[in-house]
Every structure is written in C-alpha cells, then in structure tokens.
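Everything on this sheet refers to the single structure shown next.
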Amino acid sequence: MPLALLALAVGAFGIGTTEFVMMGLLPDVADDLHISIPAAGHLVSAYALGVVIGAPLLAALTARMSRRTVLIALMVLFVVGNALSAFAPTNATLLAARFLSGLPHGAFFGVGAVVATTMVAPERKARSVSLMFLGLTVANIAGVPVATLVGQHLGWRAAFLGVSVIGLAAIASLAALIPHDHTHASATGLRGELAALRSLPVWLALGTTVAGFGALFAAYSYITPMLTGAAGYADASVTVLLALFGVGATIGNLLGGRLADHSLRGTLFGGLVSLAAVLALFPLLMHTQITAALAVALLGTAAFVTGSPLQLMVMEKASAAPSLASSANQAAFNLANAGGAWIGGLALAAGFGATSPALAGALLAVLGLGVAAIAYAVDRRSPHAGRVVATHVPHEAPTLHH
C-alpha cells in the first residue's frame, strides 16, 4: 500500500477527533459560555449540518480542480474552523465556527476515497479506502479521549487548538506524500458529477448507507444509559467502554476492506446481517457487565465492516464522475447519525426500555438489507445501470501496484 494513504489517514484522524470531542466537552463549554447543556448540544448539530451541506457543495464546486489541491484546501478550511472555535468569544460565534469546521468533512472523505483508489491495484481498492477510514476509527480510541482530557484539564479551547495542530500535520503530509500524477480531476466537471446523482443505483447505495448506519446510531446514541441503566456500569467506566467500541470499529473497518476486495456485495450483506443480529441480541447481552462490554465491541465491528463496501459501491456506480457521489455518501452517513438518534429516542420515549433503541436499530439494519437487496436486483437486471459514462475520460496516470 502506498505511503500516501498515511496522509489521508492523518486528515481522517483530525476530522474524527473534532467531530466527537465536543460531546465530551459539552459541560465545560456550557459553563464557560454561560449556556445550558441542551443549548451547547446545538454545537454538535451545527457540525453535522456543516457536513451535510458541505459534502456535496464543496465536491461540486471543486469538480474540475486537482484532487490533491482540493484535499489540501479542505484541510486548510478544517484548520481555520477549529482555530476559530478555540477563540470563539460567544456561543453564536462558536456555532458558526463549528459549522465551518464541518464543511470540509464529507468532501475530504469523498475526494480522499477517490484518490486512495487511484493509487492501488484494482483488487486493493476497498483496502485503500479502509486504510483512510482507519484514521477515523483510531480517533475514537486515542484522539477523542486525549483531546477530552486536554479540554478538561487545560480548558476546552486548548482541545480545539490541539485539533488545529493535527490539521496542520495533515496539510504537511498531504503536500509531501500525495503525488500530482494520481490526482487528475474528472473532465466531465460539474455536469458529469451531477449526472451521478440522477442514477437509481447511486441513490440505492446512499439509501443503504442511511439505513445501515442509522441502525448503528439508533443504538450508539444511547449506549451510555444502556450501560449504566441495564448493565449496571458506573458512569466513570463508560469512557473505557467507548474505547472498546473504537477498537471494534477499527477491526471491522480493516476486516471489511480486506473482505470487500474479494466480494463487495457479499461483505455488505454479511455486515448488515451481523449488525442486525448484534443489535437484536443487545437486550440479552446487557444483562451482565462482561457480555455488555462484548456487545459494545461487536457493535463497532459489525457496523464498520460495511463502511468501505458502501463507499466503494457508491463510487463504482458513478465510475466516471465519482467525487460528488462519494462525498454525498458522507452526507448520508451524517443523516444516518441524526435520523438514527431520533428513531432510537422515539423507542426510548415510548417506554419500551433502556435497550429498545438497539431493537429499533436492528429494524433499521433489516431495512438497509432490503435496500441493498433491491440494489442487487437492479444490478442483475441491468449490470451497467446507473454507471455515469463520461463523454471524455481524462488521461490517468498509471496505477501503482504495491
């Protein structure tokens, strides 16, 4: 695997850290800015809104630019957003800074996934995407806990300054390691990229992402009350258990990348079935502390097995103009975050019990499996359905085999 994938992973590590660290710092931010915890929670929503809007918008606006240049520019925007967050004097300015920080998130992963696949042999495409996503999953093991500790001991502003430093390291890595001859933009430009979003198979792939990862977030959003209310863990133990989720997610991500290179569709179906099974077993697994810890790790593994296959599937369905569709998949991931949390909350509010969000998630995983099955049927009927064919395909640099 080319060393350039390390640069993409560093950027993903910074993005993963800033996305989730706010959740651990909400009490500190609320106290410093003299706002309530629910009001501070809007800072999480502002970031997610930035991702959903920025992913397709920035990918479309940069459709004809060199992908290497786009990646560096996106990381510059990321650094600016986090630095502004660190120095924001009021809640309103912090909301704006968090929105700005979220704008480059989806486009970075979308364009980065396209770049990653151009640097490896065809039989290693899924693994290349999984190695970029490795930065995101490792952020949940190391980046988020460390940044949270820094914020709690040195002030929450110090945490965002630290994230800005990670962004600067990513810019240096991208500039040094991403070669110019692997980053030609599509000659179809914005029109070709937009054509991808008129494809039924692309929308089916995006729908699978929303349902599949919605299943994860329906449960994960309420994992703390499950662990404390059902499994009997103390609040202080939750941080360690969430690190177990990060370990599981890292294993699942790497496993999914390797398996998807052998069978993309089989890995996707297997991951969704496993996710549905794990979530359905949550009420039983939460009865003891040992099995509850196992459930948290298995949830991360089962969910992230599907990450690389879904990203690659969207890109293949828009094969000649993949950047916008790839970035849209990141927007779909964040819609899954919001929608899954909302559906899990409905189950909890209805009085179905502490583990009911997991059962709601199991139903969403089954829904994702159904959407994936429809996509498979469409492909069987017309193998080339939905593939965007460019009127002119630019000269690409030779693929490197490592």
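Count residues from 1 along the sequence.
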Go through Leu58 and Val111 one step at a time and tell me if the side chain to side chain contact (heavy atoms under 4.5 Å, CB included) criterion holds. CA-CA 10 Å; Leu58 294 180; Val111 176; over 6 Å; no
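- Taking a 6.0 Å sphere around CZ of Phe269, one finds it holds more than 12 heavy atoms contributed by other residues, nucleotides or ligands.
- The environment of NE2 in His262 is crowded: more than 12 heavy-atom neighbours from other residues, nucleotides or ligands sit within 6.0 Å.
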Taking it one step at a time, do Phe133 and Phe109 satisfy ring pair (Phe, Tyr, Trp, His ring centres under 6.0 Å)? CA-CA 8 Å; Phe133 284 158; Phe109 279 108; 5.6 Å; yes
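- How far CG of Leu254 is from CZ of Phe304: 12.0 Å, rounded to the nearest 0.5 Å.
- Counting non-hydrogen atoms of neighbouring residues, nucleotides and ligands closer than 6.0 angstrom, the CZ atom of Arg265 exceeds 12 such neighbours.
- Between Phe217 and Phe213, the ring planes lie tilted relative to each other; the angle falls in the 30° to 60° range.
- Taking CZ from Arg67 and CG from Leu74, the interatomic distance works out to 13.0 Å, rounded to the nearest 0.5 Å.
- The closest donor-acceptor contact from the side chain of Tyr222 to the backbone of Leu348 lies at 3.5 Å or more, if one exists at all.
- Distance check: Arg68 CZ to Leu174 CG gives 8.5 Å after rounding to the nearest 0.5 Å.
- For the residue pair Ser130 / Asn253, no side-chain donor-acceptor distance below 3.5 Å is found, with atom types taken as modelled.
- Proximity of Leu299 to Leu275: side-chain heavy atoms (C-beta onward) are separated by under 4.5 Å at one or more points.
- The two residues Ala215 and Ala365 have their closest heavy-atom pair at CB-N, 3.5 Å.
- At least one donor-acceptor pair under 3.5 Å links the side chain of Thr137 to the backbone N or O of Leu134.
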Checking Phe78 against Ile171 for the side chain to side chain contact (heavy atoms under 4.5 Å, CB included) test, could you report, in this order, the C-alpha distance in whole Å, the side-chain angles of both residues, the deciding distance, and whether it holds? CA-CA 10 Å; Phe78 170 84; Ile171 292 170; over 6 Å; no
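- The minimum heavy-atom distance linking Thr267 with Gly256 is given by the pair CG2-O, 3.9 Å.
- No donor-acceptor distance shorter than 3.5 angstrom exists from the side chain of Gln152 to the backbone of Leu25, with no hydrogens or angles considered.
- Rounded to the nearest 0.5 Å, atoms CG (Leu242) and CG (Asn140) are 8.5 Å apart.
- With Thr62 contributing its side chain and Met65 its backbone, the two residues share no donor-acceptor pair below 3.5 Å.
- Remark: the backbone N or O of Phe160 is paired with a side-chain donor or acceptor of Ser164 at under 3.5 angstrom.
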Applying side chain to side chain contact (heavy atoms under 4.5 Å, CB included) to Leu272 and Thr208, what does each step give before you reach the verdict? CA-CA 10 Å; Leu272 289 170; Thr208 306; 4.0 Å; yes
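- Considering only heavy atoms from C-beta on, Ser326 comes within 4.5 Å of Gln311 through its side chain.
- Of all heavy-atom pairs between Ala358 and Ala219, the closest is CA-CB, 3.9 Å.
- Contact annotation: the side chain of Phe87 approaches that of Leu161 to within less than 4.5 Å [non-hydrogen atoms, C-beta and beyond].
- Residues Leu177 and Leu8 have side chains not in contact (no heavy-atom distance under 4.5 Å, counting atoms from C-beta outward).
- Judged by distance alone, with hydrogens and angles left aside, the side-chain atoms of Thr291 form a donor-acceptor pair with the main-chain N or O of Thr288 at under 3.5 Å.
- Between Arg98 and Thr18, the side chains place a donor N or O and an acceptor N or O closer than 3.5 Å (distance only, hydrogens not considered).
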Worked check of ring pair (Phe, Tyr, Trp, His ring centres under 6.0 Å) between Tyr47 and Phe99: CA-CA 5 Å; Tyr47 183 92; Phe99 175 79; 9.7 Å; no
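- Listed here is the closest heavy atom pair of Leu279 and Leu359: O-CD2, 4.1 Å.
- Nearest heavy atom pair, residue Ala139 against residue Pro145, reads O-CD, 4.0 Å.
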Please walk me through it: do Val10 and Met132 pass side chain to side chain contact (heavy atoms under 4.5 Å, CB included)? CA-CA 8 Å; Val10 172; Met132 180 186 68; over 6 Å; no
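- Taking the six-membered ring where the residue is Trp, the centroids of Tyr220 and Phe245 are separated by under 6.0 Å.
- Remark: Leu281 CG to Leu294 CG distance equals 10.0 Å, nearest 0.5 Å.
- A 4.5 Å side-chain heavy-atom check between Leu33 and Val29 finds at least one atom pair inside the cut-off.
- The backbone N or O of Leu259 sits nowhere less than 3.5 Å from a side-chain atom of Ser263 that would complete a donor-acceptor pair.
- A salt bridge links Arg127 with Asp261: at least one charged nitrogen is closer than 4.0 Å to a carboxylate oxygen.
- Here CG of Leu5 is found 10.0 Å from OG1 of Thr117. Values are rounded to the nearest 0.5 Å.
- Between Leu3 and Leu6 the shortest side-chain heavy-atom distance falls below 4.5 Å.
- Nearest heavy-atom pair, Gln330 versus Gly110, reported as atom, atom and distance to 0.1 Å: CG-N, 4.1 Å.
- Looking at Ser173, its side chain does come within 3.5 Å of a backbone N or O of Ala169 through a donor-acceptor pair.
- Residues Pro357 and Ser221 are not in side-chain contact: their nearest non-hydrogen atoms beyond the backbone lie 4.5 Å or more apart.
- Contact annotation: the side chain of Pro179 approaches that of Met119 to within less than 4.5 Å [non-hydrogen atoms, C-beta and beyond].
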